[in-house]
Structures are given as structure tokens and as C-alpha cells.
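These notes are about the structure you will find just below.
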Amino acid sequence: MPISLYNSLTRRTEAFAPLDPARVTMYLCGPTVYNYVHIGNARGPVVFDVLARLLRRHYPHVVYARNITDVDDKINAAALGQGVAIGTITERFTAAYREDMAALGIAPPDIEPHATAHISEIITMIEALIGNGHAYAAEGHVLFDVSAYADYGKLSGRDTEDMIAGARVEVAPYKKNPADFVLWKPSTPELPGWDSPWGRGRPGWHIECSAMSAAHLGETIDIHAGGVDLQFPHHENEIAQSTCAHGGKVFARWWMHNGMLTFGGAKMSKSVGNVLLVHELLKLHPPEALRLLLLRGHYRQPLDWSEGAIAQAISTLDGWYRVLRDLADVELPAGALPVPARLEAALCDDLNTPQALAELAVLADAARQAGTAETKAALLGGGALLGLLQQDAEAWFKRGGAQAIDAAHIDALLEERRNARAARDFKRADAIRDELAAMNIVIEDGAQGTRWSVLKS
RNA sequence: GGCCUGGUGGCAGAGUGGUCAUGCAGCGGCCUGCAAAGCCGCGUACGCCGGUUCGAUUCCGACCUAGGCCUCCA
């Protein structure tokens, strides 16, 4: 089944064909590790995790890189503010990031390059840019010369004239052109820095992705992904640097941009302050419901966070896990789980996860009604491609058990209720049910007895 | 101001030039001691105004409106 992906560069959906089918390359701009990430930051990683899963089904070797930016002025500010070493901050939040991503069911990338481990590659790239006239040194800085790259602005659909006219930034005096951006900047003694031909300093923001992408994936990669808010200037600058440093070679063949998560009618953003940290949300809601929520909208559209949305996601998963719990004793066929064609087709159509989820719902209905090994396997196989439904169904319904739930006590109450019902003392039986409800436990009487679930996250 | 996306039933959210999205919630029925779950059924959605067409939610134009980028940002 061919994969079609929307390419931000051409503004069209195009049939995907890797440069080398034996080695498909993909790069996602990762976090700057100075704080916990918010749920909006997790959208790209979740969406492109699904893409990676899809690509791995189609190609034998996919190399997926997601970087860690561990040198940045915000990190410096955080370290200074807390009176600790920079490394203390970056190590702590790198670990936190990995934990958050894992909790959301995101498979680790194949490569997780760190900016500080690629300083020599960065310096080499900057030297190349100076050498071929695309960059210049000025007052300890090195800047990319936008006027020396004709295609600048192609990705974001703007031309240099407009940018200069609309520039709201103070233009540094050492810039030849207001749109020129920093490749290297000088560090004062208390700031992290590395020796370079231009003095002790540190890299600008954009160059690291270009250097790491080339170092691990090659000069031309298949897919470069990130949030739409990175399209300009970050990705535009990456294209300029990489293309000019590599003698005009295409940098990334597909550019993919995920839409923003909104909250309260506006983009969730640290500067606006309307953020919900993944680290905190994981304490409040089932992680899988967070993942489902992020996949419920098409990745290029904005998606709104709300309590209602998370409640819906939980209810949906309740329904699907109910099917799997009923089929707990049904043995799966031997071998790998099948991947349902219609669900895969939805994903192959520019990662249409809402359509894929609709197909998953159809598979859940089929499994509930037929109850066969095949239909169960199809449901699980479809879920696997989306990174859903992989936990034990019983665990889903009894989640959060650690805090307040005393299973033995619940079982004792259920036994008492069973006896009351046998004696047709329904008043007592209903009182016990109410007591359980007060504990946030719902019960269902079935042919094989009574079972219970936690009502809400 | 420039560039770019959207506006679909109570909510979320795909999609299509002319029969069904799907999920959540709601309503009626069956089942149940009563519930829950399940099953059956129900609700004449496509921002507004023009145009093209035998026919438009779907194509074209204007308008209204929401959001994103232009500055750190996923």
C-alpha cells in the first residue's frame, strides 16, 4: 500500500518514495531541555511515532533521529537562576523527557543526538559556509548571509523583502542584512563555550539540527518533521545552511509540520502561559487517553485540549478495552498480529489518524460481536500500529490501584452483595453497590459473575 | 499589514459533486430483581451570499468568523 504524505515544501500531498529504500531517514526536532515539556510539545512526537511505525512496516530499515538541544540561552538562564551547573539542568530534563515520551507510548527514536556532542561538526559546517561565501564573521559572531542564498523563504512562502519590511526585531549592528541569522556567538567566561576559529563561543540555535542530521542521516534525508511554528525561521534556516554547506544538495525531501495544540482558544505556549505539563497530566489521566486525544485530530489541523476531550478519550478506550476484557481467554493466532488493511490505508493517506481510529472502532465492533481469535487479533493489530490497546485490559480498568483501591476490600463487598442477592435482599445489595460507587467503583453483573472497574482516571 | 489554515449534527472529528463516517453524550425499546454492559432503533449536520452544474456540504468568487506564522516556541 503506497504512502502519501503532504509536503510543506511543495504544499501538496505526494506519493512517498525514499531516496534509498534500504535506508529511510527521518529527523524530528526535539526539545530544548530546560524544563518539563507540555502536552502540546508531545503532539509531534506522538504523531511522528505513528509515522515511524508505518514506515517500519513498509521498509526494512528506518533510521529515525530525534535530537536533544542541550545548549541554549534558556538553559543557561535556568542554571544561573537555580545556581547549578548547566549539565544538572540538561541531564535532569533529558531524563524527564524520555520518561514522559515513554509514558505516552512513544517508541524511542533510533538515534537521540545531543547538540553538545556535535560541536566539532557544527564548527566544520560553519567553516564550510564561510569558505564558500555563505557566511561571515563579525564581532565574534558568525552569521549566515541570507542574500547569498536565492531560495531563502521558499519553505515558509515569504520573501526577504517582506521580512525586512515587517521586522519587529532589533537588528544587531553587525548584521549585513536584517534577516541574517546567527551560526555562532561568543560566550562570556561564565557561559558554556567551546574554542573555535572565532574565539570561545557557542552555536546558534539552527545550526545544530543541520549538523546532527548530516552526521547521522546523511546530507540528504527523506523526512524532516516538526511543529508548524518551527517552519519559520528554524526550518527555513536549516534548509539555507544545509543546502549551502553541501554544495546545493537537497537537505530534506519531505517537510512535515504538525498543527498546534490549543487550550482556551489559543496555542498552548510557554510564553502565553496556558501550558499543561505532561509530567503533571500523567498523574491525573491515563497516559493512553492522552495519546488517543492527540491522535483524534488530523496532524496538520489545530487540536483543542479540554477536560471534555480527555473524558471522551477515556470513554472510548473503556469501550475498546471492554471488548478485549471479554475476549481475555480467546487465544491469539500464532505469529505476528495482522494489520487491518483499511486502517493502514487511512494512515497511508497522509497519516489520517481520525479515519484510522474510525476503522479501529469498526474492528472493535467486529470483535465484540464475533468474539473470534481473528477479530481480536485484528483489533490488537490495528491498535499496535497506532500505539494503542497494548496494555492488559484488566489493568486498564483497575488502573490507579496504587493510590486508593483495596481490591481485597472490594472483593469482600462483592461477596457480601452476592449473598444478599442470593437471599433476594436487594435493598442490601443495592446499598453495597452505592457504597462501591462512592469509592469510584462501578460494577457489572454478568454471566460469569460480577466484575468491577475504576469509574474515572 | 504580509503569508497560511480552518468554519460539518449537543460535543469531538473524517470525508464526498448525487446511498452509511466514526467516537462521546442524549432519547425509545429489549435484556436485568434494579442497574451496568450488550443488542435494536431514533435525531432530515455541513458559516453567510452569489456563481458553475440536471444536482454542491463538496468546485469558483465575495463576505463574516476562528486560529497559526512573520519574535523564543512542538
Side-chain angles (χ1 to χ4, degrees), chain A residues 8 11 28-32 34 37-48 66 72-74 77 153 155-159 161-170 179 205 225-236 257-262 265-272 275 292-304 306 308-320 322-323 325-326 346 349 352-362 364-365 368-369 420-421 424-427 429-430 433-434 437 442-447 450-453 455:
Chain A
S8 302
R11 286 163 232 281
L28 174 67
C29 290
T32 301
Y34 69 100
V37 294
H38 61 72
I39 187 71
N41 292 310
R43 191 177 184 189
V46 166
V47 161
F48 296 112
R66 188 184 67 202
D72 177 271
D73 287 349
K74 284 183 177 166
L155 175 69
S156 51
R158 59 192 83 206
D159 62 49
E161 301 290 315
D162 290 345
M163 282 181 279
I164 295 162
R168 282 186 267 154
V169 223
E170 261 185 71
W205 172 36
V228 270
D229 54 351
L230 295 185
Q231 192 170 23
F232 185 89
H234 185 56
H235 290 163
E236 196 72 71
H257 292 102
N258 63 274
M260 297 292 100
L261 187 73
T262 61
K267 171 186 172 183
M268 187 178 284
S269 142
K270 285 166 203 156
S271 46
V272 176
V275 298
L292 174 60
L293 171 58
L294 293 175
L295 293 173
R296 286 188 45 177
H298 184 85
Y299 77 95
R300 286 195 278 123
Q301 297 309 135
L303 179 67
D304 193 49
S306 69
I310 190 71
Q312 278 198 21
I314 291 169
S315 295
T316 298
L317 286 167
D318 277 342
W320 292 342
R322 207 141 42 209
V323 174
R325 181 161 66 170
D326 285 339
D349 179 16
N352 192 338
T353 55
Q355 186 62 48
L357 290 168
E359 298 298 342
L360 197 62
V362 170
D365 280 342
R368 186 191 304 110
Q369 279 159 27
R421 291 180 73 212
R424 303 195 65 79
D425 180 0
F426 296 121
K427 204 170 170 183
D430 290 351
R433 183 164 60 200
D434 291 344
V442 291
I443 60 174
E444 294 169 41
D445 295 325
T450 301
R451 63 191 180 187
W452 59 272
S453 311
L455 181 60

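Worth saying up front: this structure is predicted, and the values here are computed from it rather than measured. Lettering of chains follows the sequences in order, A, B, ..., and the numbering in each one begins at 1.
- If you take CG of Asp318(A) and P of A37(B), they are 10 Å apart, rounded to a whole angstrom.
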Contact letters for nucleotides 19-32 of chain B, in which S counts primed atoms plus P, OP1 and OP2 and B counts the base, heavy atoms under 4.0 Å = --BSBB--------

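- Separation of the P atoms belonging to G17(B) and G7(B) is 16 Å when rounded to the nearest angstrom.
- The residue Gly226(A) sits close only to the backbone: its heavy atoms come under 4.0 Å of sugar-phosphate atoms, none of a base.
- Side-chain contact check for Pro302(A) versus Met260(A): every heavy-atom pair is 4.5 Å or farther apart.
- For Ser156(A) and Gln231(A), the side-chain atoms include no donor-acceptor pair closer than 3.5 Å.
- Within the nucleic acid shown, His257(A) has no heavy atom closer than 4.0 Å to any nucleic acid atom.
- One can place CD of Gln231(A) at 10 Å from C1' of G68(B), the figure rounded to the nearest angstrom.
- To the nearest angstrom, P of C3(B) lies 17 Å from CG of Leu155(A).
- Contact between the side-chain N/O atoms of Lys267(A) and the OP1/OP2 oxygens of C69(B) is found at a separation under 4.0 Å.
- Mapping Gly157(A) and Arg433(A) onto RNA chain B via the closest heavy atom, the residue that lands nearer the 5' end is Gly157(A).
- Nucleotides U16(B) and A21(B) are separated by 10 Å at their C1' atoms, to the nearest Å.
- Scored by the side chain to side chain donor-acceptor pair (under 3.5 Å) test, Asp349(A) finds no partners at all (sequence neighbours excluded).
- The side chain of Ser271(A) lies closest to C72(B), out of C72(B), A74(B), A36(B).
- The aromatic rings of Tyr299(A) and Phe48(A) sit perpendicular to each other, their planes meeting at more than 60°, with 30° as the lower class boundary.
- Contact check, Arg158(A) against C4(B): no side-chain N or O comes under 4.0 Å of OP1 or OP2.
- Between the C1' atoms of U52(B) and U58(B), the separation comes to 14 Å (whole Å).
- Between the CG atom of Asp434(A) and the C1' atom of A36(B) there is a distance of 13 Å, given to the nearest Å.
- Taking atom P in both U19(B) and G6(B), the straight-line distance is 25 Å, to the nearest Å.
- Nucleotides G18(B) and U57(B) place their C1' atoms 12 Å apart, quoted to the nearest Å.
- Looking at residues two or more places apart in sequence or on another chain, you find a side chain to side chain donor-acceptor pair (under 3.5 Å) between Glu359(A) and Arg342(A), Gln355(A).
- Shown here are the salt bridge (Lys or Arg N to Asp or Glu O under 4.0 Å) partners of Arg300(A), two or more places apart in sequence or in another chain: Asp350(A).
- If you take atom P in C39(B) and the same atom in A25(B), they sit 13 Å apart, rounded to whole Å.
- In RNA chain B, runs of at least 3 stacked Watson-Crick or G-U pairs (N1-N3 plus N6-O4 or O6-N4, or N1-O2 plus O6-N3, all under 3.5 Å) give these stems: B:1-7 with B:64-70, B:10-12 with B:22-24, B:26-30 with B:38-42, B:49-51 with B:59-61.
- Atom CZ of Arg11(A) has more than 12 heavy atoms from other residues, nucleotides or ligands within 6.0 Å.
- At a threshold of 4.0 angstrom between heavy atoms, the contacts of Asp430(A) include nucleobase atoms, whether or not backbone atoms are also involved.
- Listed by chain and number, the residues in a ring-ring contact (aromatic ring centres under 6.0 Å, His included) with His298(A) amount to none (sequence neighbours excluded).
- When the P atom is compared between G51(B) and A62(B), the two are found 16 Å apart, to the nearest whole Å.
- For Thr32(A), there are no side chain to side chain donor-acceptor pair (under 3.5 Å) partners, not counting sequence neighbours.
- In terms of the salt bridge (Lys or Arg N to Asp or Glu O under 4.0 Å) criterion, residue partners of Asp326(A) (sequence neighbours excluded) are, by chain and number, Arg451(A).
- To the nearest angstrom, P of G68(B) lies 21 Å from CD of Glu236(A).
- Between Asn41(A) and Met268(A), the closest side-chain pair of non-hydrogen atoms is not below 4.5 Å.
- Residues satisfying the side chain to side chain donor-acceptor pair (under 3.5 Å) test with Thr316(A), not counting sequence neighbours, are none.
- Between Lys427(A) and the phosphate of G33(B), there is no side-chain N or O to OP1/OP2 separation shorter than 4.0 Å.
- Under the salt bridge (Lys or Arg N to Asp or Glu O under 4.0 Å) criterion, Arg296(A) pairs with no residue at all, not counting sequence neighbours.
- In terms of position on RNA chain B, the residue among Val442(A) and Arg424(A) whose nearest nucleotide sits closer to the 5' end is Arg424(A).
- Rounded to whole Å, atom P of C11(B) lies 17 Å from atom CG of Leu303(A).
- For the salt bridge (Lys or Arg N to Asp or Glu O under 4.0 Å) test, residues two or more places apart in sequence or in another chain that qualify with Asp430(A) are Arg433(A).
- Between His298(A) atom NE2 and G13(B) atom C1' the separation is 12 Å, expressed in whole Å.
- OP1 or OP2 of C39(B) lies within a sub-4.0 Å distance of a side-chain N or O belonging to Gln369(A).
- As rounded to the nearest Å, C70(B) and C27(B) have C1' atoms that lie 50 Å from one another.
- Leu261(A) comes within 4.0 angstrom of a nucleotide base, judged by non-hydrogen atoms across all strands.
- Within the nucleic acid shown, Leu230(A) comes within 4.0 Å of sugar-phosphate atoms alone, with no base atom in reach, counting heavy atoms only.
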For nucleotides 57-61 of chain B, give me every protein contact, N/O to N/O, under 3.5 Å, one pair per line with atom names.
none

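- Residue Gly40(A) is classed as a base contact, given a heavy-atom separation below 4.0 Å to a base.
- Here the P atom of nucleotide C72(B) and the CG atom of Asp229(A) are 11 Å apart, to the nearest Å.
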